[in-house]
Enquirer: 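Okay, handing you the structure first.
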Amino acid sequence: EKGGWPSFMKKEVSEQPEAVAKTILGRLHDGSVVIPELEAFGDTALQGIRRITVVACGTAAYAGLVAKYAIEKWARVPVEIELSHEFRYREPVLDDTTLVISISQSGETMDTLMAVKYARANGAKAISICNTQGSTIPRESDAVIYTHAGPEVAVASTKAFVAQITALYLFGLHLARVRGTLSAAELAVEAEQLQAVPDKIAEVLEQAEKVEQLARWMADTRSVLFLGRHVGFPIALEGALKLKELAYIHAEGFAAGELKHGPIALIEPGQPVFVVVPSPRGSAELHSKVVSNIQEIRARGARVIAIAEVGDAAVLPFADEVLRIPLAAPLYEPLLAVVPLQIFAMELATAKGLDVDQPRNLAKSVTVE
Ligand code: F6R
C-alpha cells in the first residue's frame with residue numbers, strides 16, 4: 001500500500017532511515033557486532049578466509065563496491081566484486097578459503113543464484129545478503145544475513161541499497177572482530193558511526209525540496225555525468241543508473257581520477273556533472289583532488305552540481321549548485337550522498353510525466369538469464 005504517497009518509490013526513499021535502523025537492530029551490542037545468523041557458519045571458518053568475492057547485479061553490485069572499501073580496511077581481507085553473469089561464464093578460481101557473498105534484494109535473480117550454486121559446487125562457502133525471507137538464494141547459501149528494509153515494490157532499488165551496505169558493514173565489523181583486526185575501541189567507534197546513520201539520512205531527506213526543484217529545472221536535460229572517488233565512485237555509478245532507468249536519460253558515472261584518461265573529452269559548455277565530494281576532514285588529499293577535478297571541468301564549461309558535506313566551502317567558488325550532506329566519517333558518506341541522487345532521478349522522471357514505480361522494459365526481479 002502506498003499509504004498516501006504519490007509513488008512507491010517516494011515512500012521507499014523516505015523509509016531509508018528505518019531500513020538502516022532495522023537492519024542494525026539486534027546486531028550491535030555494547031559497541032560490538034554480533035550477527036547471530038553467522039553462528040552456524042563458525043568463527044574458525046571466517047578466520048580461515050583468504051579472499052572474498054561478491055557476486056551481484058545492478059544496484060546490489062554497487063552496494064558491494066561500496067562495502068569493499070570498508071571490509072578491506074577493517075578485516076584486511078581482499079574483496080573483489082563480480083557481476084554474477086560475468087563470474088559464472090569464465091572459470092573463476094575458487095577454493096575453500098574463498099568466501100562468496102551474494103547480494104540480492106529479491107533473492108531470485110537468476111544470474112546471482114547460478115553464481116552461488118557454481119561457487120558452492122567448486123568448493124567455496126557462500127553467504128547471502130538478501131531482503132526477501134524464504135527466497136531462493138538464501139536457501140542455496142551456507143548462511144544468510146537479511147536486510148530488514150521491508151518489501152521494496154518500486155522497480156528502482158533505493159531502501160534495499162542502503163540496507164545492503166548496512167548489512168555488509170555489519171558483516172565487515174563482525175569479521176574484523178573474529179579476525180582480531182580491529183580493537184574493541186575501534187569497533188565501538190564504527191558501531192557508533194553506523195548507528196548515527198539513520199538520523200543523518202533523515203536530515204538529508206528534509207532537504208529534498210532543493211533537489212526536487214533542481215530536477216524540475218533540468219527536465220529537458222539529455223545527458224548527465226556523475227563523478228566520484230573512493231566510496232563516492234560507486235555512488236556516481238548508482239546515481240547514473242537511477243537516472244537511466246527512471247528518466248531514460250543518457251547518464252554515466254566515472255571515477256574522478258579517470259577524467260583525464262578520456263571522459264573529460266565529453267565536457268562541453270552546459271554539460272551537467274554531479275560530483276560527489278569526499279569530506280576534507282576524512283582525507284584532505286582526496287578532497288583536494290576532487291576539487292581540482294571540479295575546477296578542470298568547470299573551466300571547460302560544465303555545470304557542476306556538488307554533493308558536499310555541510311561547511312565544506314572549498315567547492316563554493318566552482319559549483320553551480322551545492323547539495324549538502326551532514327558530517328559523517330568517510331565510509332558512511334555513501335549512505336547519505338546517494339539520497340539526493342535517488343531523489344533527483346525520481347523527480348526528473350516525474351517532471352517528464354513518467355511512471356517512476358514501473359519504468360519501461362524493466363522487471364522487479366530478473367528470474368531469467
Ligand atoms: C536498479 C535495480 C537493479 C537491481 C538488480 C539486482 O535500481 O533495481 O539493478 O539492483 O536487478 O536485483 P536483486 O537485488 O533483486 O538481485
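Whatever order the structure lists them in is the order used to number ligands and atoms, beginning at 1. Every value quoted in this text rests on a predicted model; they were computed, and no experiment measured them.
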Enquirer: Run through T109, T112, D111 and flag the one making a side chain to side chain donor-acceptor pair (under 3.5 Å) with S84.
Expert: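 The side chain to side chain donor-acceptor pair (under 3.5 Å) with S84 is passed solely by T112 among T109, T112, D111.
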Enquirer: Could you give the distance from CD (E268) to CZ (R300), rounded to the nearest 0.5 Å?
Expert: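 Interatomic distance, E268 CD to R300 CZ, rounded to 0.5 Å: 13.0 Å.
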Enquirer: May I ask you to check whether Q164 has an N/O atom sitting below 3.5 Å from an N/O atom of ligand 1?
Expert: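 Looking only at distances, the answer is no, because the N/O contact criterion of under 3.5 Å is not met.
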Enquirer: May I ask you to list the atoms of ligand 1 that are less than 4.0 angstrom from any heavy atom of A60?
Expert: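 Numbered from 1, ligand 1 contributes 10 (O), 14 (O).
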Enquirer: Going by the closest heavy atom to atom 1 (C) of ligand 1, which one wins out of M110, E245, M9?
Expert: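 Comparing heavy atoms across M110, E245, M9, the nearest one to atom 1 (C) of ligand 1 lies in E245.
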Enquirer: Is the closest side-chain donor-acceptor distance between E190 and Y332 under 3.5 Å?
Expert: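 A pair is found: one side chain offers a donor N or O, the other an acceptor, under 3.5 Å apart.
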Enquirer: With P6, which of M9, K2, K10 fulfils side chain to side chain contact (heavy atoms under 4.5 Å, CB included)?
Expert: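 So, applying the side chain to side chain contact (heavy atoms under 4.5 Å, CB included) to P6 and each of M9, K2, K10, only K10 qualifies.
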Enquirer: Specify the protein heavy atom at minimum distance from atom 3 (C) of ligand 1: its residue, its atom name, and the distance to 0.1 Å.
Expert: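 Result for atom 3 (C) of ligand 1: T59 N, 4.1 Å.
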Enquirer: Compute the minimum heavy-atom distance from C57 to ligand 1 and say whether it is under 4.0 Å.
Expert: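 Yes, C57 has heavy atoms under 4.0 Å from ligand 1.
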Enquirer: Which ligand 1 atoms are under 4.0 Å away from a heavy-atom of S104?
Expert: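 What qualifies from ligand 1 is 13 (P), 14 (O), 15 (O), 16 (O).
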Enquirer: At a non-hydrogen distance cut-off of under 4.0 Å, which region of K364 contacts ligand 1 (side chain, backbone, both, or neither)?
Expert: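 The answer is neither; K364 stays 4.0 Å or more away.
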Enquirer: Could you pull out the closest heavy-atom pair between V277 and V290, with the gap in Å?
Expert: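 Smallest interatomic distance, heavy atoms only, reads CA-CG1, 4.2 Å.
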Enquirer: Please list the nearest protein heavy atom to atom 14 (O) of ligand 1 with its residue and the distance rounded to 0.1 Å.
Expert: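 For atom 14 (O) of ligand 1, the nearest protein heavy atom is Q105 N, 2.6 Å.
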Enquirer: For the residue pair Y169 and W74, categorise the inter-ring angle as parallel (less than 30°), tilted (30 to 60°) or perpendicular (more than 60°).
Expert: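 Ring orientation, 0 to 90° scale: perpendicular.
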Enquirer: Counting both backbone and side chain atoms, is some N or O of T112 under 3.5 Å from an N or O of ligand 1?
Expert: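 Between T112 and ligand 1, no N or O pair is found under 3.5 Å apart.
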Enquirer: Run the numbers for me: atoms of ligand 1, each under 4.0 Å from some heavy atom of G58, listed by number.
Expert: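 Per the distance check, 9 (O).
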Enquirer: Just to confirm my output: which protein heavy-atom neighbour is closest to atom 12 (O) of ligand 1, and how far is it?
Expert: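 Here the closest protein heavy atom is T109 OG1, 3.5 Å.
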Enquirer: Near E192 CD, under 6.0 Å, is it more than 12 heavy atoms from other residues, nucleotides or ligands?
Expert: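 Open: at most 12 neighbouring heavy atoms sit under 6.0 Å from CD of E192.
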Enquirer: For ligand 1, which atoms have a heavy atom of K242 less than 4.0 angstrom away?
Expert: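 Reading through ligand 1 atom by atom, the close ones are 1 (C), 7 (O).
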Enquirer: Heavy-atom distances under 4.0 Å decide this one: backbone, side chain, both or neither, for V155 against ligand 1?
Expert: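 For V155, only backbone atoms sit under 4.0 Å from ligand 1.
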Enquirer: Tell me which protein heavy atom sits closest to atom 15 (O) of ligand 1, plus the residue, atom name and distance to 0.1 Å.
Expert: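 Here the nearest protein heavy atom works out to S106 OG, 2.7 Å.
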Enquirer: One pair to check against side-chain contact (heavy atoms from CB on, under 4.5 Å): F226 and I307. What are the steps and the verdict?
Expert: CA-CA 11 Å; F226 295 78; I307 300 176; over 6 Å; no
Enquirer: Is it true that E108 and T136 share a donor-acceptor pair across their side chains at a distance under 3.5 Å?
Expert: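 There is such a pair between these side chains.
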Enquirer: Identify the closest protein heavy atom to atom 11 (O) of ligand 1: which residue and atom is it, and at what distance?
Expert: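 Sorting protein heavy atoms by distance from atom 11 (O) of ligand 1 puts V366 CG2, 4.4 Å first.
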Enquirer: Please walk me through it: do L99 and V77 pass side-chain contact (heavy atoms from CB on, under 4.5 Å)?
Expert: CA-CA 10 Å; L99 174 67; V77 181; over 6 Å; no
